[in-house]
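For reference, the structure discussed in these notes is given below.
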Amino acid sequence: MSRLQLVRLIFLLLAAVVRADTVTYDWQADWISATPDGVTRPVIGINGEWPCPSIEASVGDEVVVRLTNNLGNQTTGLHFHGMRQIQTNFMDGASVVTQCPLGPGDTITYRFTVDVPGTYWYHSHNMGQYVDGLRGALLVYDPDDPYSEDYDEEEVVTLSDWYHEQTIYLSRFLLSPQNEPPAPPGIDSILVNDVRRNPHFHVDKNKTYRLRFINLSAAASFMLNFEEVDAQVIAIDGYNVRRARASMVRIAPAQRYDILVCFTDTYSDNIPFLIALDGNPDYTNPELRPRWPLNLTGQFISDPDAPLRRNRDVTVWRPMDDSRLEPFGDYRPLSHPNRLIQLEAEFCQDQYNIPRACFNHIPYVLQKVPTLYTAATVGEHNTNPVVYGAVNPFILSQGDIVDIVVNNHDDRNHPFHLHGHHFEVLDRPCARSGVWPGPNATHINEYPPLRDTVDVMAHSYVVIRFLADNPGVHLFHCHIEWHVEMGLTATLILGPEKLRGLDIPQDHLDSCRRIGMPTAGNAGGDLENPLHTWNMNDKPPRFHAG
Ligand SMILES: [Cu+2]
């Protein structure tokens with residue numbers, strides 16, 4: 001290295017150190033009353049307000065969220081969806097996975113570096129609770145954003161299904177033998193930026209806008225129709241893609257799409273676009289006569305005095321194929337996978353005739369000790385899946401290149417999310433393609449896009465690939481929140497050797513003690529005999545307590 005190169009390197013390192021900021025939020029989660037769609041109901045707000053505020057930071061910043069649970073009647077927690085949590089896996093926020101549920105009256109601090117730029121969100125990862133409103137945008141700005149010159153202004157647009165009853169009651173019925181034939185709760189409403197109203201965006205001609213769409217739904221995907229404007233996708237789930245025209249887009253729960261919308265002088269003054277809830281079992285199957293009963297018409301308004309037009313009726317939805325988007329820049333795809341995890345996803349029933357959702361015939365069951373705390377405390381036994389109990393555990397080595405195959409045996413789409421990583425979408429064929437034909441399948445994307453949530457079509461499959469470079473305990477689950485409650489979750493224990501003796505923040509451990517949860521030992525809390533399974537939760541509970 002020449003002297004000049006060395007000076008440059010030191011300067012760059014210093015710049016990186018100086019630029020990093022700490023962004024602090026002091027948040028009290030509380031029940032408050034809200035009326036987003038004409039019906040007043042209790043929602044979970046932050047510091048007395050709902051919709052919940054956004055978290056905003058620049059890449060490299062440290063984010064600190066001091067969370068106090070003022071709910072009184074429920075535990076809580078926060079997950080930062082899409083954040084990798086490198087070396088801070090204990091800040092991932094998933095209840096009974098990387099922390100204990102935060103008890104009423106208690107406070108813990110989340111502290112982590114935002115290492116990936118883009119559009120993300122945060123939400124409770126505890127007892128289906130984000131559906132009651134505890135969710136918001138998490139925006140990580142990038143000083144080196146390659147698209148920064150291509151737009152003038154930006155706006156966050158959240159989409160959500162909405163329910164008039166609280167999640168705890170909806171879940172109790174969902175997880176009861178009376179839910180026959182098994183069905184998810186009915187959706188009462190749709191919200192855009194947490195209100196049911198046709199959204200109006202005031203725009204200037206000759207300007208380009210970056211719209212950051214985030215689907216906060218419990219269950220529903222959204223269809224967007226931008227046929228009348230020049231709309232192009234530039235990022236999915238925080239990761240930049242090569243620009244692609246996006247006249248119709250389908251956004252599954254937990255997914256994000258950053259879309260550039262450009263207005264020229266040749267456009268009419270006000271332009272409609274359609275936002276429709278997709279509650280169809282399989283919208284690709286015309287025999288099911290798919291319908292989109294809940295929808296809103298957005299307007300891009302450049303002249304408030306000019307008339308508003310209706311969107312044309314969309315009779316057939318043909319959303320762009322997101323699995324065929326290409327990563328931006330010179331991304332080098334992973335090759336030579338050395339691990340394969342194959343998951344058969346389907347609905348199942350437990351011994352009480354309660355509907356569940358299973359991977360390989362087994363529903364995920366919450367344990368007595370958070371899985372990460374087990375990995376940290378059972379010593380050499382932590383490479384043995386037995387110690388983790390019925391959490392669908394898979395042990396991975398650091399450096400593994402892992403292929404996950406999900407065969408979706410259900411007649412609905414399911415959006416699968418991996419914590420702590422973005423993954424390549426190698427193969428995501430259309431509905432009714434059947435099960436994965438094996439490693440010689442021909443559709444493999446040679447230049448696959450990266451996502452953290454992939455929508456798997458009805459009676460079809462997906463193949464994703466990722467580099468297991470982030471030691472910790474990472475969930476892989478369907479992001480339909482009702483299916484999480486039903487058990488459609490697997491647990492990846494990545495690099496267990498690195499997790500032995502892990503230093504868990506003291507306030508997190510103290511919060512466990514205060515709600516009476518053990519912080520050491522196997523899934524059943526047995527520290528002396530980690531291979532003894534007698535005290536673990538081997539079956540889901542008969543009565544849903546939340
Ligand atoms: Cu699902």
Side-chain angles (χ1 to χ4, degrees), residues 79 81 94 123 125 127-131 135 159-161 163 167 170-171 173-175 179 181-187 215-222 237 250-255 277-285 288 322-323 341-350 354-366 391-392 404-419 423 425 428-433 435-436 451-464 475-491 540 544:
H79 165 60
H81 185 116
H123 59 84
H125 210 301
M127 53 189 284
Q129 194 174 53
Y130 81 75
V131 185
R135 71 278 199 286
L159 310 170
S160 178
D161 53 18
Y163 304 81
T167 306
L170 296 173
S171 296
F173 181 76
L174 175 77
L175 301 174
N179 184 11
I187 295 165
N215 187 348
L216 311 174
S217 287
S221 292
F222 279 85
D237 297 353
R250 185 175 190 276
I251 308 186
Q255 290 187 327
L277 178 130
D278 178 14
N280 292 293
D282 176 4
Y283 73 94
T284 65
N285 187 353
L288 294 176
D322 60 291
S323 75
I341 295 174
Q342 185 166 337
L343 300 169
E344 309 296 327
E346 58 197 326
F347 289 102
C348 47
Q349 231 179 23
D350 68 14
I354 295 172
R356 304 286 174 187
C358 287
F359 277 139
N360 303 342
H361 311 295
I362 302 172
Y364 175 95
V365 183
L366 286 170
V391 295
N392 288 321
I404 298 181
V405 171
V406 181
N407 284 320
N408 173 13
H409 297 273
D410 184 38
D411 58 9
R412 286 178 180 264
N413 289 33
H414 295 265
F416 285 96
H417 169 50
L418 175 61
H419 286 225
F423 50 75
V425 181
R428 200 281 312 272
C430 61
R432 296 179 300 285
S433 291
V435 297
W436 182 53
R451 304 206 69 133
D452 62 40
T453 307
V454 65
D455 200 26
V456 187
M457 300 287 173
H459 291 295
S460 185
Y461 63 90
V462 73
V463 185
I464 63 170
L475 293 184
F476 179 76
H477 64 90
C478 177
H479 219 294
I480 291 179
E481 194 62 1
W482 312 121
H483 299 165
V484 173
E485 292 298 287
M486 294 169 78
L488 201 48
T489 295
T491 307
H544 179 71

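Note that the numbering runs from 1 along the sequence shown for the chain. Given the structure is predicted, the values throughout are model-derived calculations rather than measurements. Note that ligands are numbered from 1 as they come in the structure, with each ligand's atoms numbered from 1 the same way.
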| What residue among His81, His419, His79 forms side-chain hydrogen bond (donor to acceptor under 3.5 Å, both in side chains) with His125? | His419

| Can you tell me the N, O or S atom of His414 that's nearest the Cu ion (ligand 1)? | ND1

| said: Closer than 3.5 angstrom, by distance alone: can the side chain of Asn413 be matched with the main-chain N or O of Asp455 as a donor-acceptor pair? | reply: no

| field | Whether His477 and His417 hold their rings parallel, tilted or perpendicular, with breakpoints at 30° and 60° | value | perpendicular

| Under 2.8 Å from the Cu ion (ligand 1), is there an N/O/S atom belonging to His479? |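 No, His479 does not qualify, because none of its backbone or side-chain N, O or S atoms lies under 2.8 Å.
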
| Does a side chain donor of either Asn408 or Asp410 reach within less than 3.5 Å of an acceptor in the other side chain? | no

| Vertex the Cu ion (ligand 1): angle to SG of Cys478 and ND1 of His483, to 10°? |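 For SG of Cys478 and ND1 of His483, the angle centred on the Cu ion (ligand 1) reads 130°.
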
